[in-house]
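Some notes on the structure that comes next.
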2 protein chains.
Amino acid sequence: MKQPSSARAATPEPQRKSDITRQAILDSAARAFRLSGYSGARLSDIAAGAGMQAGSLYYHFDSREALVEALMDRGVEQTEAAVRAAIAALPAPASARDRLRAAIETHLLMIVQQEDIASATIKLIWQVPQPIRERALGRQRAYGALWRKLLADARDAGEIRSDLDLSVVRMSIMGALNWAADWYKPGKMTPEAIAADIVAMTLEGLRGPCKGEG
Amino acid sequence: MKQPSSARAATPEPQRKSDITRQAILDSAARAFRLSGYSGARLSDIAAGAGMQAGSLYYHFDSREALVEALMDRGVEQTEAAVRAAIAALPAPASARDRLRAAIETHLLMIVQQEDIASATIKLIWQVPQPIRERALGRQRAYGALWRKLLADARDAGEIRSDLDLSVVRMSIMGALNWAADWYKPGKMTPEAIAADIVAMTLEGLRGPCKGEG
DNA sequence: TTGATTTTCTAATTCAGATTAGATTATTTG
DNA sequence: CAAATAATCTAATCTGAATTAGAAAATCAA
């Protein structure tokens, strides 16, 4: 808690020593919460995973709730950043469809790959106390705006048949992707292969019944 | 607890007095767990919703865990029963596609309509203690077999392009449907309209890029 | 009505785990 | 090296909610 006296705002580089510990705690918390849920994960579990004692967590976070909120903050932030980066990295003439595809692939990879934090965040939203949930939903709404834009662009480009409600489309895609956090087990299929199938069934499903292929 | 001495097995009609209370408790529990999650819902909340005191619950259920397990039992059971009934009720020459459509519609309706129990069950799976989760997942696996069959039939009938992994397809559909429990708010769109959109995007997405329409 | 059985209530008890306080150790800085 | 600060540990304390026990009330059977 005793945050150092210097300015805090936008100083990402000078990593204080404790920032590393803080990160380790969040990593451990992500794993614990993903595996055990909000109620199942004990602070002592989380602390153990970060190589410390339960009481020591309070030097870094005011409370269990503050910890989980910080975790969810970072979870949404990281996912959105990754998706934006993937879209930005597309070669020059990227169609609405290309961008949507990139978003779907990247979101799924965030959910399914190493990172416990993205899937923990999703799972936690409906487990945490209401005030925390409210704020988390607010942040997710912001992330949702990105998807709304992607889908609106795709529809304007004629990639999505106009009789579908875009909210339903968006939520269905998010559902299909986020659900993977629950069933994915490494080994059988690669995340990339799964992403490819979801992209295929989603994108080609979004188009009208039949008009020739692009 | 003191279950009456008579046989228990397959006697659905002679409803003892306490069966009504038991049902009221499960209803209240479904609502409470859906709204507050496994940790958030207190036994006193559940009891209040059923018009009784927390301690009285123990006459009907051995423990909080027994209650939640009974709830999830019923949740899967009801959903599967509804889906099977909908399929059985289809007019005579029902194609694989028709049956899949019926399943999707019905599953969504179970999630989204009045019944808190279906959505509570889904939400609870990853919140409950491991032993309960294991058993619940087992029951869901059985329900999943029904879907596996539906999808295999559809693929055999040429309704699903053969390059897609059917497990991924199945899980994506379940994800899209189950996610609705989290975002659906009555008022804006009818459940039927939502179901129609999901059916449209799912089924037409499952077909190969283009071969004419059925 | 009366006794037996079922159901519910009230008022502890218990317990696990979050939180706190102060001592202790590490780390940095001059 | 020594003082100051940062980080962690240990050992309570606190809390809230599940659970239990036994007393009451309701229901039922005769």
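Below, read A as the first sequence line, B as the second, and so on, with proteins coming before strands; counting in each chain starts at 1.
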For this session: Give the C-alpha distance, both sets of side-chain angles, the deciding distance and a yes or no for side-chain contact (heavy atoms from CB on, under 4.5 Å) between A/L100 and A/E159.
Result: CA-CA 10 Å; A/L100 188 53; A/E159 299 285 358; over 6 Å; no
Identify whether the distance between the nearest side-chain nitrogen and carboxylate oxygen of [X] and [Y] falls below 4.0 Å.
{"X": "A/K149", "Y": "A/D153", "value": "yes"}
{"X": "B/R135", "Y": "B/D73", "value": "no"}
{"X": "B/E69", "Y": "B/R139", "value": "yes"}

Problem set entry | Check against side-chain contact (heavy atoms from CB on, under 4.5 Å), B/W179 and A/I122 | CA-CA 11 Å; B/W179 201 247; A/I122 290 165; 3.5 Å; yes
Hey, does the side chain of [X] come within less than 4.0 Å of [N]'s phosphate (OP1/OP2), counting only N and O?
{"X": "A/S63", "N": "C/dT20", "answer": "no"}
{"X": "A/H60", "N": "D/dT8", "answer": "yes"}
{"X": "A/T21", "N": "D/dT8", "answer": "yes"}

Atom-pair distance ([atom1] on [X]; [atom2] on [N]), nearest Å:
{"X": "A/Y58", "N": "C/dA23", "atom1": "OH", "atom2": "P", "answer": "21 Å"}
{"X": "B/R42", "N": "D/dT15", "atom1": "CZ", "atom2": "P", "answer": "16 Å"}
{"X": "A/L67", "N": "C/dT19", "atom1": "CG", "atom2": "P", "answer": "10 Å"}
{"X": "B/R64", "N": "C/dA16", "atom1": "CZ", "atom2": "C1'", "answer": "13 Å"}
{"X": "B/F61", "N": "D/dT20", "atom1": "CZ", "atom2": "P", "answer": "16 Å"}
{"X": "A/L57", "N": "D/dA6", "atom1": "CG", "atom2": "P", "answer": "19 Å"}
{"X": "A/D45", "N": "C/dA18", "atom1": "CG", "atom2": "P", "answer": "8 Å"}
{"X": "B/E65", "N": "D/dA17", "atom1": "CD", "atom2": "P", "answer": "17 Å"}

Problem set entry | Residues within residues 125-132 of chain A bordering DNA chain C, heavy-atom distance below 4.0 Å | none
For this session: Give me the one residue out of A/R148, A/H107, A/R84 that meets side-chain hydrogen bond (donor to acceptor under 3.5 Å, both in side chains) with A/Y143.
Result: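 The residue from A/R148, A/H107, A/R84 that satisfies side-chain hydrogen bond (donor to acceptor under 3.5 Å, both in side chains) with A/Y143 turns out to be A/H107.
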For this session: Indicate for each nucleotide in nucleotides 9-15 of chain C, in 5' to 3' sequence, whether protein heavy atoms under 4.0 Å reach the base (B), only the sugar-phosphate (S), or nothing (-).
Result: BB-----
For this session: Kindly indicate whether a cation-pi arrangement holds for B/R64 with B/Y38, taking the cut-offs as under 6.0 Å to the six-membered ring centre and within 45° of the axis.
Result: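 That pair qualifies as a cation-pi contact.
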For this session: Look only at the side chain of B/R42 and the backbone of B/S39, and say whether a donor-acceptor pair between them is shorter than 3.5 Å.
Result: yes
For this session: Output, in order, the C-alpha distance, side-chain angles, deciding distance and verdict of side-chain contact (heavy atoms from CB on, under 4.5 Å) for B/I194 and B/W183.
Result: CA-CA 12 Å; B/I194 293 171; B/W183 59 266; 3.9 Å; yes
